[in-house]
Amino acid sequence: MDAPDKTTAAFLVRLVDYGESDRIVTLFTRDYGKISALARGARKSRRRFGGALEPFCLLEVTLASHARGLWRLGETTLVAAYPGLASSLARLGAAARILELAREVVPEHEPDPAMFELLEQALPALSRADEPHVAATAAAASLRVLALAGFELRFTDCSVCGAPVPKGARVRFDPWRGGVVCTPCGGGPIGLAAAAVRGLLALLALPLSRVSEAGVDAPRVAQIEEAIDAFVRHHLGKPLRSSRFRAS
Amino acid sequence: MADPIRELSDLLARLPGVGRRTALRLAFHLLGAPEEYARELGQAIARIRDRVRPCSVCRNLTEQDPCAVCGNPRRDRSIICVVAGVPDLWAIEETGSYRGLYHVLHGLLAPLDGVGPEDLHLDALRARVQADGTAEVIVATRPSVEGEATAFVVRDILKDLPVRVSRIASGVPHGGELEYADRVTLGFALDGRRNMP
Ligand SMILES: [Zn+2]
Ligand SMILES: [Zn+2]
C-alpha cells in the first residue's frame, strides 16, 4: 500500500502554518507539477527540514505517499540559492512575480518540465541581472511563463482579425483579448509604441540571461510590463500580490 | 461533554508540543496541585491577552510601556538590534552578551505573500535612530533570502543617517561540523554576506 518515496527538484511557492506545529507547503516540482505537501514539525523547528524550506531557492525534496491530494514532505535539501535576489528589492520583487505567476497559472498535479526549466533559468538570470535590466528580464520571463501556460500574447498581428501590425505603427493592446487589436477591430486600452513591440520581440529572441543585450530602454519595458500586468490582472481576476514590489 | 477535566485537557492538547496523553496528565496534575497555583496560572493566561501590548518604543510585547528593556536605565541606548520577532529578542537576551536596545519588526519581507517594506514599521525605526542619535544598528534577521533582503532594506532606510549598520555574523554553529551545517546557512556564510558596507 505504501508507495516508495519520490525525490524531485522543486521551488517552494507558498508556505502556510497548519495546526500547532506543521506547515503546508506548495511546491512546484519538476516531476509532479504543482503539489501541496504537509511538512510535519516545520513550525516548531526551522532545522526540521535542514533550514531549506525557503522560497527563492532550488530544493530537492522527498515526497512520501499521499492521501487526499496531500503529500508528506520528507528530507529537503537546498540545491541552489540565488544571493543576488536578497541584495535588491527590484530583483527580489521580480523573482517573486515570476514564481507567483507560475504558481497561479499552472494547474495542480500536472507535470510541466518546460515550466520548471524556465523557472530554473529565470531565478539565476534575475539574481545576476544588473538593476537596470531586472524589469526587462522579468518581462521576458513573464511572457514565457504565460506562453507555456497556454496564453501566448499576440503582438505582431491583430488578436481579432489576424491582420499583421503595420511596421513602425503605434498599436493598442487589449488585455481581454490577450494581444494587440487593430483600429478597425476596436483597438485596446493600452498603447504600445512601435519601439516597445520591437523591443519585446528582441527580448523574446534572447535567452533570459542575455536580455540586457536587446537594449530595450526603461520606458519601453514599462509599457510592456503594463500590458503584461493588465493581462494577468484580467486573467487571474486580481493583481499579483508581489506586483506592489515593482514600485519600490 | 461538560466534563471540566476533559474540557481542560482538550484545551491543553492544542498547545504546541502537547499530545492528548500529556494534556490529560497535566489536567490531573492541576487538579491535584495547590488551589492557589491553579488560580494564578489561570489569571496569568487571561492577563497575557488583556495586558500584553507592543512597546511604543521598540514594539517588543510587554505589559508595561515602555518595555523592561527600553525602561532599563542600564541598557546601552546607543545600539539598536533589529529582530524579526519577539522569540528572537528573547534568544538574544538569553545569551546575556547584548546590552543595547531592540526594534521588533514582527515579520520579514515576504513578497510572495505581499509583505512589503511598508509592513515592517521601518519608519518608526528611522524616526528612533534620528531622534536618539543612535550610533549603531545591528540587523539580526536570519540568513535566508527574505532575512537578507530585510537587512538590505533596513540599511537602505538608514543610509543617509550617521549610524553604523551591521549584520550579525551567520555561519556554522559553534562546535558544529561544516558538512552538517544546513546549506542555506553555509551558502550565505560562503557568500560573505554578513558585511554591511
Ligand atoms: Zn483586427
Ligand atoms: Zn521597548
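Note on naming: letters A, B, ... go to the chains in the order of the sequence lines (proteins, then strands), and numbering restarts at 1 for each one.
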With a 4.5 Å limit on heavy-atom distance, are the side chains of Leu89(A) and Leu109(B) in contact? yes

Counting only heavy atoms closer than 4.5 Å, note whether Asp156(B) contacts chain A via side chain, backbone, both or neither. neither

By a 4.5 Å heavy-atom criterion (distance strictly below it), what part of Arg103(A) contacts chain B: side chain, backbone, both, or neither? side chain

Tell me whether the count of non-hydrogen atoms from other residues, nucleotides or ligands lying under 6.0 Å of CZ in Arg20(B) goes above 12. no

Above 12 or not: heavy atoms from other molecules or residues under 6.0 Å from OH of Tyr18(A)? no

Beyond-backbone contact of Arg241(A) with Asp113(B), side-chain heavy atoms, under 4.5 angstrom: yes

Taking atom CG as the centre, does Asp123(B) end up with more than 12 heavy-atom neighbours from other residues, nucleotides or ligands that are less than 6.0 angstrom away? no

Just so I know, are the side chains of Pro111(B) and Phe56(A) near enough to count as touching, which here means a heavy-atom distance under 4.5 Å? yes

Is chain B contacted by the side chain of Leu12(A), its backbone, both, or neither, given a heavy-atom distance below 4.5 Å? backbone

If you count heavy atoms of other groups shown closer than 6.0 angstrom to CD of Glu75(A), is the number above 12? no

Say you draw a straight line from OG of Ser144(B) to CG of Leu78(A); how long is it, rounded to the nearest 0.5 Å? 11.0 Å

Look at atom CD of Glu152(A) and say whether more than 12 heavy atoms of other residues, nucleotides or ligands are closer to it than 6.0 Å. no

More than 12 heavy atoms from other groups under 6.0 Å of CD on Glu131(A): yes

Should Val145(B) and Pro55(A) count as side-chain neighbours, where that means a heavy-atom distance under 4.5 Å? no

Might you confirm whether atom CZ of Arg75(B) has over 12 heavy atoms from other residues, nucleotides or ligands at distances under 6.0 Å? yes

Phe152(B) vs Leu92(A) side-chain heavy atoms within contact, under 4.5 Å: no

